[in-house]
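Beneath this line is the structure, given in structure tokens, with notes to follow.
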Number of protein chains: 2
Amino acid sequence: MTRWSIGDLAKASGLTIRTLHHYDEIGLVVASERTASGHRRYTPDDVRRLYQVRSLRQLGLSLEEVRSALSRSDSLRPLFEAQLAALNAQARQVEALRSRLTALLDGHTTESLLSTLEMMSVYESYFTADQLDDLRSRAAAMGPEAVEALKASWLELVRQLRQHLADGTPADDPRVVELARQWDELGAQFTGGDPAVQAAAQKSWTENKASISTQIGWPADDGVVDYVTRARAAR
Amino acid sequence: MTRWSIGDLAKASGLTIRTLHHYDEIGLVVASERTASGHRRYTPDDVRRLYQVRSLRQLGLSLEEVRSALSRSDSLRPLFEAQLAALNAQARQVEALRSRLTALLDGHTTESLLSTLEMMSVYESYFTADQLDDLRSRAAAMGPEAVEALKASWLELVRQLRQHLADGTPADDPRVVELARQWDELGAQFTGGDPAVQAAAQKSWTENKASISTQIGWPADDGVVDYVTRARAAR
DNA sequence: CGTAGGACCTCCCGTGACGTGAGGTTCAAG
DNA sequence: CTTGAACCTCACGTCACGGGAGGTCCTACG
């Protein structure tokens, strides 16, 4: 029994028959012989090649990579090193996702999960990854109740600003200017005072007024941002 | 400008137009309005939904998972926990691959990489993951030159056995029985004397005689394994 | 007012690594 | 000789889009 049928080989190797068909189709592992009726007969060399393919696949290489690795079998080392680098990158990626998810699950009640995600998502268009890490670690350091308190102050601030806006108070009114100062101060607590982060936040607000307000549920549209900008200019 | 064109939304969200088309096609994020000529107009609610989708996608969920998460938005927590578990599994997977690759790259010269892989691959059909970990760590502990020495003894042993077989020496001849004892002793050094591992190795040899010999380059087919089995029985 | 060149539309094929039948032929055992 | 398991070849489905063809629409400029 020096020739293997496809079924036996599938059982021995743990692959499916369809997979062996596929490898045959693309010429990666071809059954060197066929019976008169067309059934595949795998020779020991075919089997050997199949096991090589399987082992390379188990290292995470694509079929094309496996093919070229087996064609010029001289230098597997650089290919493996590249693969290792890719795996390292993937590991970092997975780790980043993991920490984000655990942070989310640890720090939030169920209802706020989606809106928190949404905020993160919106911000990610405007901040760099490093800046976001910064923001997150600052929020983590403050603790959830401090973050909630800050949010409450924020809402109160916006409420007052909107009141003034509705009352027709001019932007350079000292009371409004003071509120704008508090606005920036609150912002600084979020941003850590980093000017680059503040600039990014500013950009996000001005470019994205309409969407950001509806997205985050902040009542900060209808001109409040403009109002603050004008008040800040009056300072 | 409370409606977004598809191009502007693509720029703002960092997704491609094709992706937005796709989300529209499958009904995940549909542009609620169209211009008279058929151009998509995204409302703030659409934008909001898009950002939710994007954030969930960034956690590694599939589009179907995102869809169901957004439909019954009550309990994201279990879904996230499942996702976290999947990520943990993936992290372990990547880590296993990484350690295998680093071990390979650290411990072997280029030429032997493929045959080593091949051996590993063949064995993996017969040993459990734990047993393989065992074998690997034992090989690592022995050091590469000891492994090579062992391999050399092995080849010498097989050479002698084959000689006896060719000479017609009966399997219960004391010299053959002694060689069989050495065979088992060498095997024990590989297997660490673990009976389960030995049984698995035994199974691999007897079931897979033809293939294993050609695959690993061991000249252990043509009846040598049977011969040893009979000699062992005579002990 | 005409035109150029973006921006947008739909339709449809391609990707990777197979899964999953459909419908027919061949093999091994009773 | 028959039956059921094993095998064969199409050929479409998967997932999340990429990319191009071929056509329409919008906007700014001369």
Side-chain angles (χ1 to χ4, degrees), chain A residues 1 3-43 46-47 49-50 52-70 83 86 90 93 97, chain B residues 1 3-43 46 49-50 52-70 83 86 90 93 97 121:
Chain A
M1 203 247 254
R3 307 295 126 135
W4 293 65
S5 77
I6 196 171
D8 290 345
L9 188 52
K11 267 173 215 151
S13 66
L15 304 173
T16 69
I17 291 182
R18 181 62 180 95
T19 298
L20 296 179
H21 278 168
H22 184 58
Y23 290 174
D24 195 340
E25 273 173 34
I26 67 173
L28 185 57
V29 179
V30 180
S32 303
E33 302 177 3
R34 297 279 188 133
T35 68
S37 59
H39 288 196
R40 275 165 256 254
R41 298 283 103 174
Y42 287 88
T43 68
D46 298 340
V47 175
R49 186 172 171 90
L50 177 64
Q52 290 178 344
V53 167
R54 203 189 69 161
S55 60
L56 290 170
R57 283 247 65 200
Q58 282 172 343
L59 295 179
L61 300 186
S62 74
L63 293 186
E64 262 326 299
E65 288 168 329
V66 168
R67 188 202 301 278
S68 70
L70 290 181
Q83 182 63 15
Q90 199 183 337
Q93 179 97 0
L97 281 184
Chain B
M1 200 246 255
R3 306 296 130 139
W4 294 64
S5 77
I6 196 169
D8 290 345
L9 188 51
K11 266 174 216 149
S13 65
L15 304 173
T16 68
I17 291 184
R18 181 63 183 90
T19 297
L20 296 179
H21 278 168
H22 184 57
Y23 290 173
D24 195 339
E25 274 173 33
I26 66 174
L28 185 57
V29 180
V30 180
S32 303
E33 301 177 3
R34 298 278 188 133
T35 67
S37 59
H39 289 194
R40 275 164 256 255
R41 298 285 104 175
Y42 287 88
T43 69
D46 298 339
R49 186 172 170 90
L50 178 63
Q52 291 177 342
V53 167
R54 204 190 67 161
S55 59
L56 290 171
R57 283 246 65 200
Q58 283 172 343
L59 295 178
L61 300 185
S62 74
L63 293 186
E64 262 326 299
E65 287 168 330
V66 168
R67 187 202 303 277
S68 70
L70 291 181
Q83 182 64 14
Q90 200 183 337
Q93 179 96 359
L97 281 183
S121 185

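Scope of the values below: all heavy atoms of this structure, side chains included, with no hydrogens, waters or symmetry mates. None of these values were measured; they are calculated from a predicted model. Throughout, protein chains are lettered first and strands after them, A, B, ... in sequence-line order, and every chain is numbered starting at 1.
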Margin query: Rounding to 10°, can you tell me the angle the first-five-pair axis of the helix from C:dC1-D:dG30 to C:dG30-D:dC1 makes with its last-five-pair axis?
Written below: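 Rounded to the nearest 10 degrees, the bend comes out at 20°.
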Note to self: Both A:K11 and B:L63 contact DNA chain D. Taking the nearest nucleotide for each, which residue is further toward the 5' end?
What the structure shows: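 Going by which nucleotide is closer to the 5' end, it is A:K11.
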Note to self: On DNA chain D, compare the nucleotides closest to B:L61 and A:I6; which residue's is nearer the 5' end?
What the structure shows: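 Residue closer to the 5' terminus by nearest nucleotide: A:I6.
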Check: Rounded to the nearest 0.5 Å, what separation is found between the CZ atom of B:R3 and the CG atom of B:D46?
Finding: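 Spacing of CZ (B:R3) from CG (B:D46) equals 8.5 Å.
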Note to self: How long is the straight-line distance from OG of B:S68 back to CG of B:L63, given to the nearest 0.5 Å?
What the structure shows: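 Going from the CG atom of B:L63 to the OG atom of B:S68 covers 11.0 Å.
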Checklist line | Residues touching DNA chain D, which here means a heavy atom under 4.0 Å, drawn from residues 29-41 of chain A | finding: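 Within this stretch, A:R34, A:G38, A:H39, A:R40 sit under 4.0 Å of the strand.
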Looking at [X] and [Y], what are the two nearest heavy atoms and their distance?
X: B:S55; Y: B:Q52; answer: OG-O, 2.7 Å
X: B:R41; Y: B:S5; answer: NH2-CB, 3.5 Å
X: A:Y42; Y: A:V47; answer: CB-CG2, 4.4 Å
X: B:L56; Y: B:L70; answer: CD1-CD2, 3.8 Å

Checklist line | Set of residues satisfying salt bridge (Lys or Arg N to Asp or Glu O under 4.0 Å) with respect to A:E65, sequence neighbours excluded | finding: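 A:E65 satisfies salt bridge (Lys or Arg N to Asp or Glu O under 4.0 Å) with no other residue.
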Note to self: Over all strands shown, is A:I26 touching base, sugar-phosphate only, or nothing at heavy-atom distances under 4.0 angstrom?
What the structure shows: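 It contacts nothing in the nucleic acid.
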Margin query: Could you tell me the boundaries of the chain B footprint on DNA chain C, defined by atoms under 4.0 Å from its heavy atoms?
Written below: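 Terminal contacting nucleotides, 5' to 3': C:dC8 to C:dC12.
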Check: For DNA chain C, whose closest nucleotide is more 5', that of B:S5 or that of B:E25?
Finding: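 Mapping each residue to its closest nucleotide by heavy atoms, the 5'-most match is B:S5.
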Checklist line | Under 3.5 Å: donor-acceptor pair, side chain of B:E33, backbone of B:T43 | finding: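 Flag not set: sc B:E33 to bb B:T43 has no pair under 3.5 Å.
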Next item on the list: With a 4.0 angstrom cut-off to heavy atoms of chain B, pull out the first and last contacting nucleotide of DNA chain D, in 5'-to-3' order.
Entry: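 From 5' to 3', the first and last contacting nucleotides are D:dA16 to D:dC26.
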Show me the side-chain donor-acceptor pairs of residues 17-31 of chain A shorter than 3.5 Å, one per line, residues at least two apart or across chains.
from: A:T19; atom 1: OG1; to: A:T16; atom 2: OG1; distance (Å): 2.9
from: A:H21; atom 1: NE2; to: A:R40; atom 2: NH2; distance (Å): 3.2
from: A:D24; atom 1: OD2; to: A:R40; atom 2: NH1; distance (Å): 2.6

